[in-house]
Novice: 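Next up is a structure, given as structure tokens.
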Amino acid sequence: MEYDFRSIEQKWKSYWKENNVYKVTNDSSKPKYYVLDMFPYPSGAGLHVGHPLGYIASDIFARYKRLKGFNVLHPMGFDAFGLPAEQYAIETGQHPAKTTEQNAERYRQQLDNIGFCYDWSREIKTSDPHYYKWTQWIFLQLFHSWYDKKLQKARPIKELIALFEKEGNSMLPCAADATFCFDAKAWKSWTDQEKREALMHYRLAYLGYADVWWCEDLGTVLANDEVVNGVSERGGFPVERRRMRQWFLRITDYADRLLEGLEGLEWTEAMKEMQRNWIGKSAGAEVRFDIQDLYGKHITVFTTRPDTIFGVDFIVLAPEHEMVDLITTEDQRSAVEDYKKYVKSRSERERMSEVKQVTGRFTGAYAIHPIAHRVIPIYISEYVLVGYGTGAIMAVPSGDSRDHAFAKHFDIPITNIFGNLYNGQEAYTGKEGKLDNSGFLNGIEIKKAAQVAIRAIEDADAGRAKINYRLRDAGFSRQRYWGEPFPVVYVNDVPYAIDEQALPLKEEQRELPVKLPMVETYKPSLTGEGPLANIPSWVNVPTATGTGRRETSTMPGYAGSSWYFLRYMDPHNEKTFASRKATDYWQEVDLYIGGTEHAVGHLLYSRMWTKVLYDLGHIGFDEPFKKLINQGMIQGSSRYVYRLRGTNEYVSYGLKDKMATDELRVDVNIVDGLELDIEAFKKWRPEFADADFILEDGKYFCGAGIEKMSKSKYNVVNPDDIVAQYGADTFRMYEMFLGPIDVSKPWDTKGIEGVHRFLKKMWRLFFDEKGWIVNDEAATPEELRVLHKTIKKIGEDIE
RNA sequence: GCCCUGGUGGCGAAAUUGGUAGACGCGCAGGACUUAAAAUCCUGUUGGCAGCAAUGUCAGUGCGGGUUCAAGUCCCGCCUGGGGCACCA
């Protein structure tokens with residue numbers, strides 16, 4: 001009897017389906033285990049052999065845990081909102097909902113074909129109104145919350161209002177603007193609108209302003225990576241920075257907890273490090289420098305090296321810094337204006353590619369050193385960034401290489417505070433040794449001097465210790481169609497959440513979800529708003545006091561994926577995003593498998609949302625993913641043919657170096673190993689139909705190279721083909737066999753034969769030519785010993 | 001530049017807390033079965049030296065040192081592949 005994997009696999013797949021074998025209940029006396037894959041974005045191209053790698057690993061683990069007596073939650077769904085579907089819609093006019101549906105269906109078939117044990121009764125799609133209803137609901141929770149820095153947790157905005165009524169914001173300084181202060185009396189005197197504006201500075205989801213790339217010709221807002229060399233990637237039109245009102249999530253408030261939370265997680269060090277870098281915590285000090293001849297005006301800088309305070313020889317501001325216009329002297333004004341224009345004309349890319357070049361201008365103004373009381377010049381330069389720290393630095397040329405280069409370029413005298421350690425040629429950036437020429441810091445170890453310096457700065461009332469983060473608040477608005485609409489209505493330009501009683505709305509209008517309407521065109525509106533702005537009947541909402549206007553942007557791709565792991569726990573609940581009972585039972589994801597590309601996007605936002613929901617008492621855990629494994633990429637192995645230049649004649653790999661040839665990629669599916677199937681090649685594309693060949697030993701050999709698997713490189717291997725030829729078990733086993741789960745490796749169909757043979761041998765243990773050969777004879781002790789050793793080994797390996 | 005990772009046969013790779021390096025597979029070589037081929041099965045496969053042979057022996061996990069009875073594994077310094085961040089003050 002042959003190993004007939006087709007009928008075996010077919011039999012069990014049908015059995016699983018008919019009997020709902022993998023349906024999981026939330027009521028079980030067994031211990032729980034939650035194994036999750038990063039859900040895919042269902043693109044039109046379908047799955048290739050690289051996608052299932054992580055799914056196979058998680059599937060094996062889920063099955064293993066189930067056999068070990070755990071109640072295992074192992075669901076799958078689709079991250080269905082997103083730009084590609086919208087772009088496809090613009091090109092073809094097909095509604096994204098329809099193409100997304102079709103693609104998801106195709107994915108589902110391909111996944112089933114590989115024999116995964118997902119509980120499909122829990123399937124979710126982020127574009128489903130039953131799902132995004134709760135994405136919108138979570139947005140409302142964010143909108144109605146603020147972050148209490150003292151308690152280090154999110155609290156309802158009502159409690160903040162109560163505090164404001166009692167004591168103003170004196171104890172709760174505003175994160176965005178420290179000068180924004182008011183007392184209880186002022187608060188009470190304000191109009192509702194003024195109060196709402198003040199609260200906007202505290203909400204976890206808030207409306208702010210951001211510079212975005214605006215392209216007049218395309219009539220749309222572009223993402224950073226859609227702008228190349230100062231023009232739009234598509235069409236090459238000019239772009240400009242435009243200030244737009246956008247929603248943000250106040251993720252910066254969670255910076256410390258996001259950082260500390262990493263400690264307890266079983267993630268790879270690389271992954272944790274990426275998040276740490278992204279959060280970018282650095283400890284140092286803010287120091288105030290008074291400006292000469294401008295009484296009461298000062299510049300605040302941030303430094304991580306307060307110990308080098310005596311080495312400050314000048315101040316540098318970002319060209320966009322708000323003080324620049326004020327302090328620039330008349331004879332420097334035109335030079336400064338020219339420089340600002342020059343900086344504005346340069347794209348991010350240009351700035352990055354010319355890192356070594358020193359540029360800048362003297363403002364003509366001077367600052368007074370708060371400790372040494374020296375007078376030092378103030379410059380502007382693009383190497384200081386507005387977005388980081390205070391947008392101003394104290395330059396210490398003897399201790400910082402960029403400051404050093406700047407000082408040399410502008411002939412600014414350099415104060416040496418490191419004695420022999422500084423050689424006059426290159427800044428001393430080390431931290432070994434003692435300070436010199438530094439007043440009361442003289443002779444103190446560099447490493448210990450920071451504390452002393454900060455105390456002195458505080459005593460002089462010139463600044464304070466300060467922790468700075470690189471992390472920015474997360475932009476949460478997209479001027480697009482295919483995403484979750486915001487549950488927000490503006491009345492006289494004041495934003496209200498639709499569940500607020502202050503918004504005079506009919507009760508039925510308050511209900512979630514705010515459904516995404518059908519549109520005629522997916523193109524953005526002329527004003528730079530999203531396509532939704534083109535639908536007056538949807539945008540305009542009657543209220544008791546006049547006409548309200550809906551928010552016309554939609555939420556970004558990461559909105560739906562920031563909490564989907566919770567919905568799987570209770571996917572059909574219409575009353576809440578997931579019952580407390582369900583989330584208490586399943587808790588956090590025990591094992592999460594997915595690619596590294598989400599290191600700082602999805603994984604950081606999910607962590608924040610989880611913490612917010614935890615703070616507000618909706619769930620009982622504050623980290624979403626306990627253990628994370630990153631599967632590597634399976635690369636494609638491309639095949640090349642070599643065409644004699646200017647002809648339709650193809651020369652085999654071993655002979656190509658003797659002639660002038662052009663390299664062409666050829667579909668890997670018509671190449672066996674390296675040998676080209678010439679007949680299939682001729683049929684592949686019409687232009688090859690009458691191709692001629694120069695052969696080696698009667699065969700045509702292709703060249704090979706490893707690159708990313710992609711349709712355009714003709715190196716895509718479809719799992720369906722492999723399953724059809726060898727069976728799902730062989731395919732699954734081979735993917736696991738290719739190498740360690742977490743590194744990238746090329747797909748090579750050759751080796752699959754070995755795995756297939758192994759399975760055949762395995763089959764032979766139980767069947768011979770006549771059929772089933774297993775009998776009821778008792779096993780010998782020796783046989784039992786081998787069996788149990790094997791079971792033990794398999795268990796340990798899987799863990 | 002900074003941070004994180006890895007470097008083991010011809011190839012993909014194993015090797016638990018420091019304890020027989022190279023499991024398993026690919027490829028290759030030889031053999032069995034066959035008129036022949038495919039499929040299947042068996043044997044060999046890190047290198048040097050010795051031996052007709054079974055085998056013995058020395059060397060060997062990127063390079064150079066070190067700790068240890070014992071190092072692929074731990075420590076120090078270099079070389080190098082991959083990934084991430086990057087005028088971040």
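Quick caveat, the model's predicted, so the values are computed rather than measured. Every chain is numbered from 1 and lettered A, B, ... according to where its sequence line falls, protein lines coming before strand lines. The figures here come from the full heavy-atom set of this structure, side chains too, leaving out hydrogens, waters and symmetry mates.
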Novice: Using atom C1' in both nucleotides, what's the gap between A21(B) and U8(B) to the nearest angstrom?
Specialist: 8 Å
Novice: Report the residues that fulfil salt bridge (Lys or Arg N to Asp or Glu O under 4.0 Å) with R288(A), sequence neighbours left out, ordered by chain and then residue number.
Specialist: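 Salt bridge (Lys or Arg N to Asp or Glu O under 4.0 Å) check on R288(A) returns nothing, list empty.
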Novice: Not counting sequence neighbours, which residues clear side chain to side chain donor-acceptor pair (under 3.5 Å) with N630(A)? List them please.
Specialist: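 Expected list: none.
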Novice: Can you list the residues that meet the side chain to side chain donor-acceptor pair (under 3.5 Å) rule with Y254(A), with sequence neighbours excluded?
Specialist: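 Expected list: D615(A).
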Novice: Using the test side chain to side chain donor-acceptor pair (under 3.5 Å), find all partners of R361(A) that sit at least two apart in sequence or belong to another chain.
Specialist: none
Novice: Nearest whole Å is fine: how far is C2(B) C1' from D400(A) CG?
Specialist: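 Interatomic distance, CG of D400(A) to C1' of C2(B): 14 Å.
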Novice: Side-chain N or O of R470(A) less than 4.0 angstrom from OP1 or OP2 on A86(B)?
Specialist: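 Yes, R470(A) has a side-chain N/O under 4.0 Å of OP1/OP2 on A86(B).
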Novice: Identify the stems formed by RNA chain B, where each pair is Watson-Crick or G-U wobble with both distances under 3.5 angstrom and a stem is at least 3 consecutive pairs.
Specialist: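 Consecutive-pair runs (3 or more) involving RNA chain B: B:1-7 with B:79-85, B:10-12 with B:24-26, B:27-32 with B:40-45, B:46-50 with B:55-59, B:62-66 with B:74-78.
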Novice: Residues of residues 275-283 of chain A with any non-hydrogen atom less than 4.0 angstrom from an atom of RNA chain B: list those, numerically ordered, please.
Specialist: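 The answer is none.
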Novice: Just to verify, what does Y558(A) make a ring-ring contact (aromatic ring centres under 6.0 Å, His included) with, not counting sequence neighbours?
Specialist: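 Residues passing ring-ring contact (aromatic ring centres under 6.0 Å, His included) with Y558(A): F476(A), Y605(A).
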Novice: Would G9(B) be called syn or anti here, given the cut-off of 90° from 0?
Specialist: syn
Novice: Under the salt bridge (Lys or Arg N to Asp or Glu O under 4.0 Å) rule, collect the residues that match up with D307(A), sequence neighbours excluded.
Specialist: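 Expected list: R305(A).
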Novice: Restricting to ring-ring contact (aromatic ring centres under 6.0 Å, His included), what partner residues turn up for F248(A), sequence neighbours left out?
Specialist: Y206(A)
Novice: How far does the C1' atom of C52(B) sit from the matching atom of A59(B), given to the nearest Å?
Specialist: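 Those two atoms are separated by 26 Å.
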Novice: Answer yes when E260(A) and R257(A) have at least one side-chain N-carboxylate O distance shorter than 4.0 Å, and no when they do not.
Specialist: no
Novice: If I pick the P atom on G60(B) and the same atom on C41(B), what distance separates them, to the nearest angstrom?
Specialist: 38 Å
Novice: What does the B/S/- profile of nucleotides 22-28 of chain B look like, 5' to 3', with a 4.0 Å heavy-atom cutoff to protein?
Specialist: --BSS--
Novice: State which residues pass side chain to side chain donor-acceptor pair (under 3.5 Å) with R455(A); sequence neighbours excluded, sorted by chain then number.
Specialist: none
Novice: What residues, two or more places apart in sequence or in another chain, satisfy ring-ring contact (aromatic ring centres under 6.0 Å, His included) together with H321(A)?
Specialist: none
